[in-house]
A.B. asks: 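This is the structure, below, for whatever I ask next.
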Amino acid sequence: MRVLIREVKDRIGSEVEISGWAQNIRVLSSVLFIELRDVSGTVQGVLLRKGNEELFDELKGLPRESVLTISGEAVKSQARIGYEVQIKHLEILNRAETPLPLGVVDKIESDIETRLENRFLDLRRPEVLAIFKVQSTISNSIRDYFVRKGFIEIHSPKIVAAATEGGTDLFPVKYFERNAYLSQSPQLYKEIMMSAGFDKVFEIAPAFRAEEHNTPRHLNEFTSIDMEMSFASDEDVMDVLEDVIKAAAQSVSSLNERELEILGVEKPSLGYRFRRITYSEYVKMAIDAGIEIKDGDDLSTPVLKAVGGKINQFYFITRWPRVLKPFYVQPYDDTYSKGFDLQYGELEITSGAQRVHSPHILIDNLRSKGLSPESFSFYVNAFRYGMPPHAGWAIGLERLTMVLLNIPNIRETTLFPRDRTRVTP
RNA sequence: GCCCCGAUAGUGUAGUGGCCUAUCAUCCGAGUCUGUCGAGCUCGGGACACGGGUUCAAAUCCCGUUCGGGGCGCCA
């Protein structure tokens with residue numbers, strides 16, 4: 001019966017059977033050591049030549065990263081971790097080819113490009129696995145939070161007929177005799193769910209953006225964590241967002257101590273209240289920092305770096321100018337809106353807003369953004385027969401993972417990233 | 001879309017016109033070593049992205065192609 005390598009230390013003195021990858025084999029004249037790795041950790045197996053000549057010779061020539069099962073007694077030893085497995089039986093399940101296109105335990109760091117080309121090998125590295133164990137905690141914790149608070153999980157269509165928000169480029173797909181697109185966001189659908197009376201919904205699903213960006217923080221396919229709630233304001237959903245982020249950080253701190261240690265990252269400590277800085281205040285801060293910008297300009301990357309780069313915390317930028325936000329964002333006054341972003345330093349993690357709920361304002365907004373209300377009739381109709389006030393936001397899961405683990409490149413927090421030039425693996 | 005940069009063994013690199021039948025490490029292979037743990041030691045193997053040009057001479061300079069990285073725009 002197979003046990004996980006992590007469990008071996010609780011079975012000292014008894015027989016164990018473990019399976020995994022032979023990540024390193026050290027051969028001396030009459031004894032050899034084999035480091036076996038599985039999802040839970042590594043342990044060393046040891047074999048004396050004397051009395052095991054045949055097994056010894058077989059293992060001696062085994063290529064690294066071959067998959068095998070070994071069994072034998074777990075014993076205390078002078079191994080670094082204090083115990084090892086004395087090999088009695090061994091079954092080679094699959095022999096790896098040589099040389100490896102990417103060393104799993106080599107002392108040499110490979111380029112991100114080489115690593116992504118051979119991602120299945122790269123993902124075998126404990127520090128890469130750790131990222132995705134943490135990401136699993138984050139998404140589970142957020143899902144758990146929503147379910148506890150009475151949100152309904154939804155699954156909106158990813159093949160859509162038209163641009164959801166305008167602006168962003170979409171990936172066209174052939175839909176039988178018509179043209180359709182991959183969804184850039186569940187925005188319109190989650191709002192329709194408010195009209196449908198679901199009250200509070202969330203969705204964790206891919207979003208697709210056909211922008212030709214080439215940066216360490218953009219993907220053309222990412223995982224969007226969306227929420228929308230009825231009878232709520234921008235302030236209300238900012239409270240929820242702060243709660244959600246703190247819950248996720250708390251879960252990571254308590255469930256992923258080992259992964260944080262492997263990654264050399266401190267437990268995220270979010271014992272502070274997220275600051276709420278209005279857009280206009282932010283512009284003033286930029287001006288004070290000597291940057292040329294005026295109220296009404298978008299916050300460019302250099303501005304966010306100059307101002308936000310000094311804030312090593314989560315904080316909101318609120319009340320954005322209406323002209324800089326999409327048509328569905330509720331006005332605050334003639335100039336400003338109830339749209340907000342959640343930032344960490346210079347990086348945007350979330351954007352959200354209280355939404356327009358009046359069909360008349362919605363139609364005006366669509367027109368003023370140069371969009372045709374007729375082509376959004378499936379959406380506008382939901383506003384005409386009783387749409388409650390509502391608000392919501394969307395977090396990028398990969399970006400949140402970057403921030404909580406202090407990882408500078410979003411490709412590191414994505415299993416198989418889709419960027420400007422990569423569709424395989 | 002605009003701008004900048006890069007491409008040398010499986011992997012990571014050295015190299016700035018002749019000293020390059022190309023450096024080092026890792027890796028792979030052979031051998032050696034009763035307990036290693038980044039094992040050690042000896043020997044061996046393996047590369048100048050592609051096409052064109054300049055030159056007596058090109059990994060090195062120029063042009064193009066392909067692929068990649070970064071910055072900006074835009075966004076999660």
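Every chain is numbered from 1, with letters handed out A, B, ... down the list of sequences.
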A.B. asks: Rounded to whole angstrom, note down the C1' distance from B:C50 over to B:C67.
C.D. replies: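 Comparing C1' positions in B:C50 and B:C67 gives a spacing of 11 Å.
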
A.B. asks: Does a side-chain N or O of A:N214 approach OP1 or OP2 of B:C2 to a distance below 4.0 Å, or not?
C.D. replies: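 Result: no.
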
A.B. asks: Given B:A76, is OP1 or OP2 found less than 4.0 Å from the side-chain N or O atoms of A:S224?
C.D. replies: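 The answer is no; no side-chain N or O of A:S224 sits under 4.0 Å from OP1 or OP2.
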
A.B. asks: Below 3.5 Å, does any donor atom in the side chain of A:Q78 face an acceptor in the base of B:U36, or the other way round?
C.D. replies: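 A donor-acceptor contact between them is absent.
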
A.B. asks: Does any donor atom in the side chain of A:S233 or A:Q354 lie under 3.5 Å from an acceptor atom in the other side chain?
C.D. replies: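 No.
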
A.B. asks: Mind calculating the distance between CD1 (A:I317) and P (B:A76) to the nearest angstrom?
C.D. replies: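 Atom CD1 in A:I317 sits about 13 Å away from atom P in B:A76.
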
A.B. asks: Distance-only check: which donor-acceptor pairs under 3.5 Å involve side-chain atoms of residues 262-269 of chain A, not counting sequence neighbours?
C.D. replies:
none

A.B. asks: Side-chain N or O of A:R420 less than 4.0 angstrom from OP1 or OP2 on B:G73?
C.D. replies: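 Checking B:G73 against A:R420, no side-chain N or O comes under 4.0 Å of OP1 or OP2.
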
A.B. asks: Please report whether the ring centroid of A:Y315 lies less than 6.0 Å from that of A:F274.
C.D. replies: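 For A:F274 and A:Y315, the ring centres are not under 6.0 Å apart.
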
A.B. asks: Would you indicate which nucleotide in B:C75, B:C33, B:A76 comes nearest to any side-chain atom of A:F222?
C.D. replies: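 My answer, after comparing the listed nucleotides, is B:A76.
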
A.B. asks: Given the C1' atoms of B:G69 and B:G12, what is the spacing between them in whole Å?
C.D. replies: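 16 Å, rounded to whole Å.
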
A.B. asks: B:U8 and B:U60: how far apart are their P atoms, nearest whole angstrom?
C.D. replies: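 Looking at atom P only, B:U8 and B:U60 are 13 Å apart.
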
A.B. asks: Before accepting this row, confirm whether a basic side-chain N of the pair A:R319/A:D234 lies closer than 4.0 Å to the acidic partner's carboxylate O.
C.D. replies: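 Answer for the salt bridge query: no.
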
A.B. asks: Does B:G35 have A:F33 stacked on its base, where the ring centres are within less than 5.5 Å and the planes differ by under 30°?
C.D. replies: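 Aromatic stack with B:G35 absent for A:F33.
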
A.B. asks: Can you give me every donor-acceptor pair (side chain of residues 73-83 of chain A, partner residue at least two apart or in another chain, under 3.5 Å) with its distance?
C.D. replies:
unit_1: A:S77; atom_1: OG; unit_2: A:A79; atom_2: N; d: 3.0
unit_1: A:S77; atom_1: OG; unit_2: A:E84; atom_2: OE1; d: 3.2

A.B. asks: From CG of A:D419 over to P of B:G71, roughly how many Å is that when rounded to an integer?
C.D. replies: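 After rounding, the reported distance stands at 13 Å.
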
A.B. asks: State which of B:U26, B:C28, B:C37 makes the closest approach to the side chain of A:E35.
C.D. replies: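 Selected nucleotide: B:C37.
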
A.B. asks: Looking at A:T414, A:L415, A:T413, which one forms a side-chain contact (heavy atoms from CB on, under 4.5 Å) with A:I131?
C.D. replies: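 Passing option: A:T413.
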
A.B. asks: Return the set of residues passing ring-ring contact (aromatic ring centres under 6.0 Å, His included) with A:F151 (not counting sequence neighbours), or none when no residue passes.
C.D. replies: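 A:F151 satisfies ring-ring contact (aromatic ring centres under 6.0 Å, His included) with A:F146 once adjacent residues are dropped.
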
A.B. asks: Have a look at A:E84 and say if it touches a base, only the backbone sugar-phosphate, or nothing, with a 4.0 Å heavy-atom cut-off.
C.D. replies: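 Contact class for A:E84: base.
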
A.B. asks: Kindly determine whether A:F327 and A:F376 satisfy ring-ring contact (aromatic ring centres under 6.0 Å, His included), including the steps that lead there.
C.D. replies: CA-CA 12 Å; A:F327 61 82; A:F376 288 88; 5.7 Å; yes

A.B. asks: Among B:G73, B:G1, B:C75, which nucleotide has an atom closest to any side-chain atom of A:R209?
C.D. replies: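 Among B:G73, B:G1, B:C75, the one nearest the side chain of A:R209 is B:C75.
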
A.B. asks: Which whole-number value in Å describes the distance from A:M402 CE to B:C75 P?
C.D. replies: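 Rounding to the nearest Å, CE of A:M402 and P of B:C75 are 18 Å apart.
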
A.B. asks: Regarding A:D226, tell me which of base, sugar-phosphate or nothing describes its non-hydrogen contacts under 4.0 Å with the strands shown.
C.D. replies: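 Since no nucleic acid heavy atom lies under 4.0 Å of A:D226, the category is nothing.
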
A.B. asks: Go through A:D295 and A:K284 one step at a time and tell me if the side-chain contact (heavy atoms from CB on, under 4.5 Å) criterion holds.
C.D. replies: CA-CA 8 Å; A:D295 204 294; A:K284 283 200 193 84; over 6 Å; no

A.B. asks: Can you check the distance between B:A59 and B:C2, where both ends of the measurement are the C1' atom (answer in whole Å)?
C.D. replies: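 Nearest-Å result for B:A59 against B:C2 at atom C1': 32 Å.
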
A.B. asks: For A:P63, report the nucleic acid contact type (base, sugar-phosphate, nothing); a contact means any heavy atom under 4.0 Å.
C.D. replies: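 No contact.
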
A.B. asks: In this structure, how many angstroms lie between the C1' atom of B:C37 and the OH atom of A:Y83, rounded?
C.D. replies: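 Taking OH of A:Y83 and C1' of B:C37, I get 14 Å after rounding.
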
A.B. asks: Using a cut-off of 4.0 Å on non-hydrogen atoms, how would the nucleic acid contact of A:K305 be classed: base, sugar-phosphate, or nothing?
C.D. replies: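 Sugar-phosphate, no base atom in range.
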
A.B. asks: How is A:V105 classified with respect to the nucleic acid when contacts are heavy atoms under 4.0 Å: base, sugar-phosphate, or nothing?
C.D. replies: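 No contact.
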
A.B. asks: Whole angstrom is fine here: how far is it from CG in A:N24 over to P in B:A39?
C.D. replies: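 Those two atoms, CG and P, are 5 Å apart.
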
A.B. asks: Tell me: CZ of A:R49 to P of B:C33, nearest whole Å?
C.D. replies: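 Value for this atom pair: 10 Å.
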
A.B. asks: So does A:T421 get a side-chain nitrogen or oxygen closer than 4.0 Å to the phosphate oxygens (OP1/OP2) of B:G68?
C.D. replies: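 Result: yes.
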
A.B. asks: Check this one for me: any side-chain N or O of A:R80 less than 4.0 Å away from OP1 or OP2 of B:U36?
C.D. replies: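 The answer is no; no side-chain N or O of A:R80 sits under 4.0 Å from OP1 or OP2.
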
A.B. asks: Using atom CG of A:L304 as one end and atom C1' of B:G73 as the other, report the distance to the nearest whole Å.
C.D. replies: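 A:L304 atom CG is separated from B:G73 atom C1' by 13 Å.
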
A.B. asks: Counting the atoms with a prime plus P, OP1 and OP2 as sugar-phosphate, which does A:T223 contact under 4.0 Å by heavy atoms, base, sugar-phosphate, or nothing?
C.D. replies: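 Counting heavy atoms under 4.0 Å across all strands, no contact is made by A:T223.
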
A.B. asks: Who are the ring-ring contact (aromatic ring centres under 6.0 Å, His included) partners of A:H218, not counting sequence neighbours?
C.D. replies: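 A:H213.
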
A.B. asks: What distance, rounded to whole Å, do you find between the two C1' atoms, one in B:G68 and one in B:C27?
C.D. replies: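 So the two C1' atoms sit 23 Å from each other.
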
A.B. asks: Determine the contact category for A:I349: base if any of its heavy atoms lies under 4.0 Å from a base atom, sugar-phosphate if only primed atoms, P, OP1 or OP2 are that close, otherwise nothing.
C.D. replies: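 Answer is sugar-phosphate: A:I349 comes under 4.0 Å of backbone atoms only.
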
A.B. asks: Taking the six-membered ring for Trp and the full ring for Phe, Tyr or His, determine whether the centres of A:Y332 and A:Y279 are under 6.0 Å apart.
C.D. replies: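 Between A:Y332 and A:Y279, the centre distance exceeds or equals 6.0 Å.
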
A.B. asks: Of the nucleotides B:A39, B:C33, B:G73, which has the atom closest to the A:R26 side chain?
C.D. replies: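 My answer, after comparing the listed nucleotides, is B:A39.
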
A.B. asks: Which dot-bracket notation, 5' to 3', represents the base pairing of RNA chain B when pairs are defined as Watson-Crick or G-U with both distances under 3.5 Å, crossing pairs as [ ], and inter-strand pairs as |?
C.D. replies: (((((((..(((.....[.....)))((((((.......))))))...(((((..]....))))))))))))....

A.B. asks: Measuring only the C1' atom in each nucleotide, how far is B:G52 from B:U66? A whole number of Å is fine.
C.D. replies: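 About 15 Å, rounded to a whole number of Å.
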
A.B. asks: Side-chain donor or acceptor of A:H218 under 3.5 Å from a matching atom on the base of B:C74?
C.D. replies: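 Result: at least one qualifying N/O pair found.
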
A.B. asks: May I ask you to verify if any side-chain N or O of A:T301 is less than 4.0 angstrom from the OP1 or OP2 atom of B:G73?
C.D. replies: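 Answer is yes, contact under 4.0 Å.
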
A.B. asks: Testing the basics here: between A:K158 and A:A205, what is the closest heavy-atom pair and its distance to 0.1 Å?
C.D. replies: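 Looking at all heavy atoms of both residues, the closest pair is CE-CB, 3.6 Å.
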
A.B. asks: Suppose you measure atom P in B:C63 against the same atom in B:C24; what distance do you get, rounded to whole Å?
C.D. replies: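 After rounding to an integer number of Å, I get 33 Å for this pair.
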
A.B. asks: Can you tell me how far C1' in B:A9 sits from the matching atom in B:A22, rounded to whole Å?
C.D. replies: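 Here B:A9 and B:A22 have their C1' atoms 11 Å from each other.
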
A.B. asks: Among the candidates B:A76, B:C72, B:G35, find the nucleotide nearest to the side-chain atoms of A:T215.
C.D. replies: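 That would be B:C72.
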
A.B. asks: Can you tell which of B:G70, B:C75, B:U36 lies closest to the side chain of A:A79?
C.D. replies: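 The nucleotide sitting nearest to the side chain is B:U36.
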
A.B. asks: Between B:G10, B:G35, B:G1, which nucleotide gets closest to the side-chain atoms of A:L28?
C.D. replies: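 Side chain of A:L28 sits closest to B:G35.
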
A.B. asks: At a heavy-atom distance below 4.0 Å, what parts of residues 108-121 of chain A sit against RNA chain B?
C.D. replies: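 Here the set is A:I108, A:E109, A:S110, A:D111, A:E113, A:T114.
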
A.B. asks: Between A:F208 and A:F171, is the ring centroid distance below 6.0 Å?
C.D. replies: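 When the ring centroids of A:F208 and A:F171 are compared, they turn out to be at least 6.0 Å apart.
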
A.B. asks: Starting at the 5' end of RNA chain B, which residue's closest nucleotide do you reach first, A:Q44 or A:T350?
C.D. replies: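 Upstream on the strand: A:Q44.
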
A.B. asks: Nearest whole Å is fine: how far is B:C37 P from A:Q23 CD?
C.D. replies: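 Distance check: A:Q23 CD to B:C37 P gives 15 Å.
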
